[in-house]
Amino acid sequence: GLPPQALVDDIEDVSLDFGSEEELALRKARIRHPLATFFHLFFRVSAIVTYLFCDWFSNSFVACFVTILLLLSFDFWSVKNVTGRLLVGLRWWNQIDEDGKSHWVFEAKRVPTIAASTEAEARIFWLGLIICPVIWTMFFFSTLFSLKLKWLALVIAGISLQTANLYGYMHCKLGGQKTISRVTSRLFGTADVPNRQSRRISEDGTEEHGKTGTR
């Protein structure tokens with residue numbers, strides 16, 4: 001027979017990573033945050049539908065204007081503070097330090113966990129985030145061409161609010177790229193952003209990109 005050493009050499013350790021397979025299955029599973037997914041689309045879709053069909057329900061321009069503006073505001077708040085964190089693990093916000101300087105902070109979860117978003121949730125999040133501002137941009141041009149200038153302020157508000165969330169989450173996703181830093185410096189009037197940008201890893205496994213603006 002073979003010597004004992006040969007038997008030992010023929011034995012190979014095979015590691016079966018059941019945990020990763022279970023996590024992969026969970027990520028591909030059905031929507032795990034149905035309420036957050038619903039409200040991610042509800043307010044922004046409702047604002048678009050109300051804008052298109054408000055004349056059918058009310059003859060009051062003021063009532064339509066206020067209703068759509070409230071829907072856009074609710075959408076901005078919920079997407080910025082709730083659905084982005086739950087569905088894709090991203091957050092962004094602005095804070096003022098003790099010297100009165102404005103800091104834009106963009107945070108992305110680095111370590112996938114069991115509570116991570118599923119592929120379906122991430123797809124819904126990004127599609128809703130990108131498509132709706134495009135629709136409001138189309139409304140802007142249609143308002144100009146049809147000379148319905150009374151709606152122009154509302155359409156600009158819709159573009160501004162939804163583009164702000166799109167920009168914030170794109171920066172969370174691609175915050176480490178120099179091109180994004182250049183765009184940020186132009187938009188927010190920051191000086192020497194690449195040199196002053198700082199990254200820090202928080203204790204809960206998230207990566208934060210801090211940005212300091214001028215007063």
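Along the sequence shown, residues are numbered consecutively beginning with 1.
- Within the model, atoms CG of L90 and CE of M170 stand 10.5 Å from one another, a figure rounded to the nearest 0.5 Å.
- One finds the OG1 atom of T37 at 4.5 Å from the CD atom of E121 (value rounded to the nearest 0.5 Å).
- Here the CG-CZ distance, from L86 to R91, works out to 10.5 Å after rounding to the nearest 0.5 Å.
- L154 and L147 fall into different hydrophobic clusters, defined by Ile, Leu, Val, Met, Phe, Trp and Tyr side-chain heavy atoms under 4.5 Å apart, directly or through other members.
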Problem set entry | Worked check of side-chain contact (heavy atoms from CB on, under 4.5 Å) between F42 and F74 | CA-CA 10 Å; F42 174 75; F74 291 154; over 6 Å; no
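- Between S102 and N94 the shortest heavy-atom distance is OG-ND2, 2.5 Å.
- Between W92 and F106, the ring-plane angle classifies as parallel under the 30° and 60° cut-offs.
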Exercise. side-chain contact (heavy atoms from CB on, under 4.5 Å) between T83 and F43: does it pass, once the steps are laid out?
Worked result: CA-CA 12 Å; T83 63; F43 290 123; over 6 Å; no
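- Taking NE2 of H40 as the start and CG of D75 as the end, the distance is 8.0 Å to the nearest 0.5 Å.
- To the nearest 0.5 Å, atom OG1 of residue T143 and atom NZ of residue K150 are 11.0 Å apart.
- Distance alone, capped at 3.5 Å, places no donor-acceptor pair between the Q95 side chain and the V105 backbone.
- Side-chain contact between K173 and V88: absent, with no pair of heavy atoms (C-beta onward) separated by less than 4.5 Å.
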Donor-acceptor pairs are to be reported for all side-chain atoms of residues 53-67 against protein atoms at under 3.5 Å, with residues two or more places apart or in another chain.
residue	atom	partner	partner atom	Å
S58	OG	S60	N	3.1
S60	OG	A63	N	3.2
T67	OG1	A63	O	2.7

Contacts table for residues 157-164: side-chain donor-acceptor under 3.5 angstrom, sequence neighbours left out:
residue	atom	partner	partner atom	Å
S160	OG	I156	O	2.8
T163	OG1	I159	O	2.6

Run the side-chain donor-acceptor check on residues 124-142: report pairs under 3.5 Å with partners two or more places apart or on a different chain.
residue	atom	partner	partner atom	Å
T137	OG1	P133	O	2.8
S142	OG	M138	O	3.3
S142	OG	F139	O	2.8

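- In this structure, CD1 on I68 lies 10.5 Å from CD1 on I48, to the nearest 0.5 angstrom.
- Scanning both residues, Y169 and R85, for their nearest heavy atoms gives OH-N, 4.5 Å.
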